[in-house]
S.K.: 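Before I ask anything, let me first share the structure, which is written out below as structure tokens.
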Amino acid sequence: MTDQNSPEIADDLPEQMRFRRTKREAILEAGAEPYALTYPRTATLAEVRAKYPSLEVDEQTGDMVSVTGRVMFVRNTGKLCFATLQDGDGTQLQIMLSLDKVGPERLDDWKKLVDLGDQVGVTGEVISSKRGELSVLAAEWTMTSKALRPLPVAHKPMGEETRVRQRYVDLIMRPAARDMVRNRATAVRSLRDSFHERGYTEVETPMLQLVHGGAAARPFVTHFNALDRDVYLRIAPELFLKRCVVGGIDKVFEINRNFRNEGLDSSHSPEFAMLEFYQAYADYNVMADLLREVIQEAAMAIAGSHVVTLHDGTEFDLGGQWRSVTVFGALSEALGEEVNVNTSYEQLVQYAEKHDLAVDPKWIPGKLAEELFEKLVQHTLQAPTFVRDYPEDTSPLVRAHRSTPGLVEKWDLYVRGFELGTGYSELVDPVIQRERFELQAKLAQKGDAEAMPLDEDYLRALEYGLAPAGGVGMGIDRLMMALTGLGIRETILFPLVRPE
RNA sequence: GGGCUGCUAGCUCAAUGGCAGAGCUGCGGACUUUUAAUCCGUAGGUUCAGGGUUCGAGUCCCUGGCGGCCCA
């Protein structure tokens, strides 16, 4: 601590950061390394815990191990020091450093140089303390990575914003943050396994697209220098996956990122992971069953049950068959009046006014019906529910309903009041598809920024013949919300946030 | 987009318009069985930024930045 005024140590830093830099320099001046090349670890903290589940109080094993971890708590006494190390998986284990084992110099170094948050390696005997705590009694310790910033206080919850902006700190401090990362990995792996078991092929389709399509959303635009033209970040992979089915990849899926140039807040992320899958000779009924199965398998993978425990401790049942309602059936029930796809626009406007829904004059009748549904019914759909049979004019890529004119064979899956996924019987007739695109072009001309542009190459593909097919899209982030009860920002490791 | 609201020490938070504080963290010391160790001592501030009102602003007003909640 003698070189506190060393010119290398900026004096405008907060006091605690200056001290930590000073300690780093002290380690270097002593000829040691504050950032070790490596440490010859022989066991993780979890492995030590697993191997010695129940030592007696004050027991010695005679077994030497080398462990590593981040210092989370320190309890130093005069000649015997305790610290709690934490491993990457969150497992904690106590280490002890005694004067008679490490000697006066290294014990003194420990007390002078080690801060909360530092990473260390410790070699010593596995013992239990006089209070029965499983411990490694150090014969040697090594600084493996000196932390120059202090950790937040462990006993007060971090601010939400700091957690999002500095997720690495959140991961150190909060088991739930680590659980989310691993649960998400488990769920995604489960999805891949589910599809591979069913004979599906995973593909990767373009993220940079000359024509964007497959969803109603505003795209991000970027510039491709080699072509000297703007290209789009994809809003959905749908049209490319259907090209795959044209080519004979009869069961195809993709798990990848989509980008939508919309609002930025705690419930919307401009980039989000999406699962889409398509199956030849399937319809929307088959696809609904399949989506239910793969979600239930994901729940089983992370919770060991179709009943998942949400972060607030409540249980949520994803098991069994799921309820199915129709858009207009559920809307009629909520209104107390019979409405259907033939209900006039004027009548729908009256219902909207009656229920305090502000009508955007740009809305087409089908859109108005959907908005009414979202206002009146959506929040009531807590248990998993397939909402079926949407108006044709809002669904340009979906096949007409097999029995009811004006409707299409599309469902949305609602869970806990939000939309988790959507599935269709796909529109495969290239002539009707061209008409639908032309209708979208008219909407775009009227100023609908979300209208779909006409995709000639996609139509060309359809003209070679797309087998009858069902398709499904589901947001991975939303799946994690459904499985954990957390908000979307908690499900994304590094959500985009406004610059500090 | 509209309304409400927050931003103060490393972290979590206090402070009628009148000396900017606490706990933990940090630093110095004591302690060979601690578990958020304890005990003694001590340091740490551009109160988000800029402007205004006032004898005096963390506090009141205006503009901007970054959040949160509610509404559309």
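Convention: sequence-line order gives letters A, B, ...; per-chain numbering from 1.
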S.K.: Could you tell me whether A:Ala154 contacts a base, only the sugar-phosphate backbone, or nothing, with contacts defined as non-hydrogen atoms closer than 4.0 Å?
M.R.: nothing
S.K.: Does this structure show an ion pair linking A:Glu25 with A:Arg21, if we count only N-O contacts that are shorter than 4.0 Å?
M.R.: no
S.K.: Tell me which nucleotide among B:A72, B:U32, B:C27 gets nearest to the side chain of A:Lys23.
M.R.: B:C27
S.K.: Taking the same atom, P, in B:C13 and in B:G50, what whole-Å distance lies between them?
M.R.: 25 Å
S.K.: Among B:A36, B:U33, B:U32, which nucleotide sits nearest the side chain of A:Met96?
M.R.: B:U33
S.K.: Look through every strand shown and name the nucleotide pairing with B:G45 as Watson-Crick or G-U wobble, where both distances are under 3.5 Å.
M.R.: none
S.K.: Sort out the partner of B:G1 for me: Watson-Crick or G-U wobble, both distances under 3.5 Å, none otherwise.
M.R.: B:C71
S.K.: Let's test this: given Watson-Crick or G-U wobble pairing with both distances under 3.5 Å, identify the partner of B:U38.
M.R.: B:A30
S.K.: Judged by each residue's nearest nucleotide on RNA chain B, which is more toward the 5′ side, A:Arg20 or A:Ser128?
M.R.: A:Arg20
S.K.: Is there a Watson-Crick or G-U wobble partner for B:C11 with both distances under 3.5 Å, and which nucleotide is it?
M.R.: B:G23
S.K.: Say we look at B:C31 and B:C11: how far apart would their C1' atoms be, to the nearest angstrom?
M.R.: 28 Å
S.K.: Is there a Watson-Crick or G-U wobble partner for B:G6 with both distances under 3.5 Å, and if so, which one is it?
M.R.: B:C66
S.K.: Who are the side-chain hydrogen bond (donor to acceptor under 3.5 Å, both in side chains) partners of A:Ser135, not counting sequence neighbours?
M.R.: A:Gln94
S.K.: Quick one: salt bridge (charged side-chain N to carboxylate O under 4.0 Å, His left out) pairs with a partner in residues 86-96 of chain A, sequence neighbours left out?
M.R.: A:Arg41-A:Asp87
S.K.: Taking B:C70 as the reference, what is the distance to B:G18 when you measure between their C1' atoms (whole Å, please)?
M.R.: 37 Å
S.K.: Between protein and nucleotides 64-66 of chain B, what N or O pairs are separated by less than 3.5 Å?
M.R.:
from	atom 1	to	atom 2	distance (Å)
B:C66	O3'	A:Arg165	NH2	3.0
B:C66	O2'	A:Glu161	OE2	2.9
B:C66	O2'	A:Arg165	NH2	3.2

S.K.: Show me the donor-acceptor pairs, under 3.5 Å and distance only, between side chains in residues 344-356 of chain A and residues at least two apart or in other chains.
M.R.:
from	atom 1	to	atom 2	distance (Å)
A:Ser344	OG	A:Gln347	N	3.0
A:His355	ND1	A:Tyr351	O	3.1

S.K.: Can you give me every donor-acceptor pair (side chain of residues 328-337 of chain A, partner residue at least two apart or in another chain, under 3.5 Å) with its distance?
M.R.:
from	atom 1	to	atom 2	distance (Å)
A:Ser332	OG	A:Phe328	O	2.7
A:Ser332	OG	A:Val339	N	2.9
A:Ser332	OG	A:Val339	O	3.0

S.K.: Take atom C1' in B:U12 and the same atom in B:U25, then report the distance between them in whole Å.
M.R.: 11 Å
S.K.: Starting at CZ of A:Phe73 and ending at C1' of B:G26, how long is that distance when rounded to a whole Å?
M.R.: 17 Å
S.K.: Find the distance A:His155:NE2 to B:U25:P and express it as a whole number of Å.
M.R.: 7 Å
S.K.: Roughly how far apart, to the nearest Å, are B:G64 and B:C27 at atom C1'?
M.R.: 39 Å
S.K.: Using nucleotides 10-13 of chain B, report all nitrogen or oxygen pairs with the protein that are shorter than 3.5 Å.
M.R.:
from	atom 1	to	atom 2	distance (Å)
B:G10	N9	A:Gln16	NE2	3.2
B:G10	N7	A:Gln16	NE2	3.3
B:U12	OP1	A:Gly159	N	2.9

S.K.: Is NZ or CZ of A:Lys410 both nearer than 6.0 Å to the six-membered ring centre of A:Tyr390 and within 45° of the ring axis?
M.R.: yes
S.K.: Whole-Å distance between B:A72 P and A:Leu357 CG?
M.R.: 9 Å
S.K.: Nearest whole Å is fine: how far is B:U33 P from A:Lys101 NZ?
M.R.: 15 Å
S.K.: What residue pairs, at least two apart or across chains, pass salt bridge (charged side-chain N to carboxylate O under 4.0 Å, His left out) with a residue in residues 175-184 of chain A?
M.R.: A:Arg184-A:Asp477
S.K.: Taking atom C1' in both B:G44 and B:G28, compute the distance separating them and give it to the nearest angstrom.
M.R.: 15 Å
S.K.: Under 3.5 Å, is there a donor-acceptor pair between the A:Thr422 and A:Asp412 side chains?
M.R.: yes
S.K.: Going by the rule side-chain hydrogen bond (donor to acceptor under 3.5 Å, both in side chains), which residues pair with A:Tyr414 if we only count those two or more places apart in sequence or in a different chain?
M.R.: none
S.K.: Just name whichever nucleotide pairs with B:C55, Watson-Crick or G-U, keeping both distances under 3.5 Å, else none.
M.R.: B:G18
S.K.: With salt bridge (charged side-chain N to carboxylate O under 4.0 Å, His left out) as the rule and sequence neighbours excluded, what pairs involving residues 48-69 of chain A come up?
M.R.: A:Arg49-A:Glu133
S.K.: Which pairs count as ring-ring contact (aromatic ring centres under 6.0 Å, His included) when at least one residue sits in residues 79-108 of chain A, sequence neighbours excluded?
M.R.: none
S.K.: 5'-most contact on RNA chain B: A:Leu116 or A:Ile127, nearest heavy atom basis?
M.R.: A:Leu116
S.K.: Does B:U33 have OP1 or OP2 sitting under 4.0 Å from an N or O in the side chain of A:Lys79?
M.R.: no
S.K.: Rounding to an integer number of Å, can you tell me how far A:Phe82 CZ sits from B:C31 C1'?
M.R.: 11 Å
S.K.: I'd like a list of close polar pairs between nucleotides 38-42 of chain B and the protein, N/O only, cut-off under 3.5 Å.
M.R.:
none

S.K.: How many Å lie between CZ on A:Arg489 and C1' on B:G68, as a whole number?
M.R.: 10 Å
S.K.: Give me the distance, rounded to whole Å, that separates B:U47 from B:G10 when you measure between the P atoms they each carry.
M.R.: 12 Å
S.K.: Ignoring hydrogens and angles, write down the donor-acceptor pairs under 3.5 Å from the side chains of residues 364-373 of chain A, residues two or more places apart or on other chains.
M.R.:
from	atom 1	to	atom 2	distance (Å)
A:Lys367	NZ	A:Glu371	OE2	3.3
A:Glu370	OE2	A:Thr394	OG1	2.4

S.K.: Grab the NZ-P distance between A:Lys111 and B:C27 for me, whole Å please.
M.R.: 13 Å
S.K.: If we take the C1' atom in both B:U8 and B:C66, what is their distance in whole Å?
M.R.: 16 Å
S.K.: Looking at B:C27, B:U33, B:U32, which one has an atom nearest to any side-chain atom of A:Ser129?
M.R.: B:U33
S.K.: Report the distance from atom CG of A:Asp100 to atom P of B:U33, rounded to the nearest whole Å.
M.R.: 12 Å
S.K.: Does A:Arg489 pair with A:Glu160 as a salt bridge, N-O distance under 4.0 Å?
M.R.: no
S.K.: Under 4.0 Å between a Lys/Arg side-chain N and an Asp/Glu carboxylate O for A:Asp109 and A:Arg106?
M.R.: yes
